[in-house]
> 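Once you've had a glance at the structure underneath, I'll fire off some questions.
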Amino acid sequence: MLRPQDGPTRERRSLAGLWRFRLDAEGAGRTQAWWRTPLANAMDLPVPASYNDIYPDTAIRDHVGDVWYQTSVWVPTGWAEQRIVLRFDAATHRATVWVNDAEVVQHEGGYTPFEADVTAHLRPGTENRLTVLINNELSWTTIPPGTIETRPDGRRVQRYLHDFFNYAGLHRPVWLYTTPRAHISDLTVTTAFDDTTGIIDYLADITGEGALRVVLRDASGNEVAAADGAAGALRVPDVHPWAPGDGYLYELEASLLGRSGNVIDSYRQAVGVRTIEVRGQQFLINGNPFYFKGFGKHEDAAVRGKGHDDVLMLHDFALLDWIGANSIRTCHYPHAEEVLDYADRHGVVVIGETPAVGLNRNIGGGVFGSGKRVPTFSADAVGDDAQRAHLQAIQELVARDKNHPSVVMWCLANEPDHVQPEARDYFAPLAAEARRLDPTRPVAYANALLAPPKECVITDLFDVILLNRYYGWYFGTGDLESAETELEAELRDWAKLHDKPIIISEYGADTYPGLRNTLPTPWTEEYQTELLDVYHRVFDRIDAVVGEQVWTFADFATVPGIFRVDGNKKGIFTRDRRPKTAAFHLRTRWRKDQ
Ligand code: BDP
């Protein structure tokens, strides 16, 4: 799915700003057709942002159900001959959209873009009303799942098994953009090497008539290859590869040409030439073993919630660089496309994750259950509908991110039940679909410690083993000696059982900033630092370990709970991005070879 862009044949208009907003707990707006008139009794709300934390009002923060957004847009008369598209980069978790009186699109899933051709519904030269109904409910048919509890007083409360606050709203930019009527509708690029020559295979989808021509330019703007046809291969001698820490990008300009050679449409696609391969217990980028250093990371910040913000994004990347991280996992959902663009340009490696988190009735809010197993994959919990939603989430993630060189692997789920035999039937078609859609990237899921390695029924469906481990925290709290021996024994088991690379995709400890002790006791800054040391000693002794991603980059919001002190405090940075002691420690380790 192509991102909107400005260019000789296209124009883009951001709809960021203050919109009108209204809660609708009773769902009255659907029957009263609120999209037909200016939204009554509305308040201001910024887009993009989560709506939850803008006002000090629990009715908004904890709202369950429908909310309405509305704005008005002027469409210039100059757009009359163009095809006009309305695009939402994300609407969490589902949306219905009207332009003036017409419903133009519905979308399910809170973290991938969707769009509608609104040419027939917009009136150029006038002001147009744009209304969005957003619903934040999670159920056993949604990804991520959840359940709604009705309290004795009639209040509906959203429950869910994942450990981050259920922020909702228009989290990412909203665009109106134009394309010519005949246009390039999709582009797919994959890359390979023939010795020092880069090979770029491209495939364009075209709507309407026209001939396709592509030109590839290097980062200085020099043309290095060209081809004609909707599909083909470009060869670049002495190619400059994209590599971790070296985000070198070429630009592929695709032009749709009319009979006389006139340019009907043109689209520019950044291309990083690189390969990914899993060989035995190694993860190779461009044929070189790669070791992941970094974090599982949320999109989360005070006030804006999960709202995308370039200021915060840049600051986070600056901190990743400062600490010597080379990679992130986009926990626990696809992050904004701006994040991937930045990662492409700066050589940051990304594990792209779907929103399939909490598919496990034996873990709640990051906390493990009593040991008595409850089935997750069943008709009354995660069943066929959820699997269909999960499949759609995978398809939309790959469609959105397939061309990003920074994305080196798909993580299809975080901590699902991996022991229940039905997990295999659930995951086999999902892994197969991810491979079919994208044969160039490995697939994985992040494993929680529910059972010893040999009891996992799904590892062989995947290419890389991602392990989220909490020895010394949830298991053997405070006992770092046992943590060291148990972690090592378990990792050696995995390495013996499977000829696959292992990444520790989560490890860490809640740490209250400023809480210090001469003895490392849980919640202190000393304990976080020592726990990381213990894990690092073990990782360094096991060759199959090809990466360490600490949980987590920064403290983040969760539902209230006795295990959470104003949110999850496993951040190496606080929620306002100040370093805890462990940050300096990690910096020493991660920067030692740089
Ligand atoms: C893991 C989850 C993560 C949680 C973390 C924790 O993958 O989402 O936040 O534990 O408990 O189980 O801190």
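Every number for a ligand or one of its atoms is a count from 1 in the order of the listing. Each residue takes its place number in the sequence, starting with 1. Only heavy atoms go into these numbers, but all of them, side chains included; no hydrogens, no water, no symmetry mates.
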> Heavy-atom distances under 4.0 Å decide this one: backbone, side chain, both or neither, for Phe164 against ligand 1?
neither
> Using a 4.0 Å cutoff against the non-hydrogen atoms of Phe556, which atoms of ligand 1 qualify?
9 (O)
> Of Lys570, Glu506, Arg564, which has the heavy atom at the shortest distance from atom 1 (C) of ligand 1?
Glu506
> What part of Asn414, side chain, backbone, both or neither, has a heavy atom within less than 4.0 angstrom of ligand 1?
side chain
> Does a side-chain N-to-carboxylate-O contact under 4.0 Å join Asp460 and Arg424?
yes
> Is Tyr470 near ligand 1, meaning one of its heavy atoms is under 4.0 Å from it?
yes
> Looking at Tyr512, I'd like to know if its OH atom is crowded, meaning that more than 12 non-hydrogen atoms belonging to other residues, nucleotides or ligands lie closer than 6.0 Å.
no
> Kindly indicate whether a cation-pi arrangement holds for Lys570 with Tyr470, taking the cut-offs as under 6.0 Å to the six-membered ring centre and within 45° of the axis.
yes
> Applying side chain to side chain donor-acceptor pair (under 3.5 Å) to Tyr342 and Asp316, what does each step give before you reach the verdict?
CA-CA 11 Å; Tyr342 188 97; Asp316 282 1; over 6 Å; no
> Considering only heavy atoms of Glu415, which atoms of ligand 1 have at least one such atom less than 4.0 Å away?
1 (C), 2 (C), 7 (O), 12 (O)
> My understanding is that only one of Glu506, Glu490, Glu486 makes a salt bridge (Lys or Arg N to Asp or Glu O under 4.0 Å) with Arg469; could you say which?
Glu490
> Report the relative orientation of the aromatic rings in His298 and Trp551; use parallel for angles under 30°, tilted for 30 to 60°, perpendicular for over 60°.
perpendicular
> Taking a cutoff of less than 4.0 Å between a non-hydrogen atom of the residue and any ligand atom, is Phe563 in contact with ligand 1?
no
> Record the part of Ile363 in heavy-atom contact with ligand 1 below 4.0 Å; permitted values are side chain, backbone, both and neither.
neither
> Might you work through the ring pair (Phe, Tyr, Trp, His ring centres under 6.0 Å) test for His332 and Tyr111, ending with a clear yes or no?
CA-CA 10 Å; His332 290 306; Tyr111 304 96; over 10 Å; no
> Name the orientation class of the two ring planes belonging to Tyr527 and Trp473 (parallel below 30°, tilted from 30 to 60°, perpendicular beyond 60°).
tilted
> Which atoms from ligand 1 have a heavy atom of His332 less than 4.0 Å away?
3 (C), 7 (O), 8 (O)
> Should the ring pair Tyr471 and Phe475 be called parallel, tilted or perpendicular, given that the plane angle runs from 0 to 90° and is split at 30 and 60?
tilted
> Of the side chain and backbone of Asp510, name the one, both, or neither that has a heavy atom under 4.0 Å from an atom of ligand 1.
neither
> Select one of side chain, backbone, both or neither to describe which atoms of His162 lie under 4.0 Å from any atom of ligand 1, heavy atoms only.
neither
> With a cut-off of 4.0 Å, which atoms of ligand 1 are near a heavy atom of Asn468?
7 (O)
> Can you list the atoms of ligand 1 that are under 4.0 Å from a heavy atom of Tyr474?
6 (C), 11 (O), 13 (O)
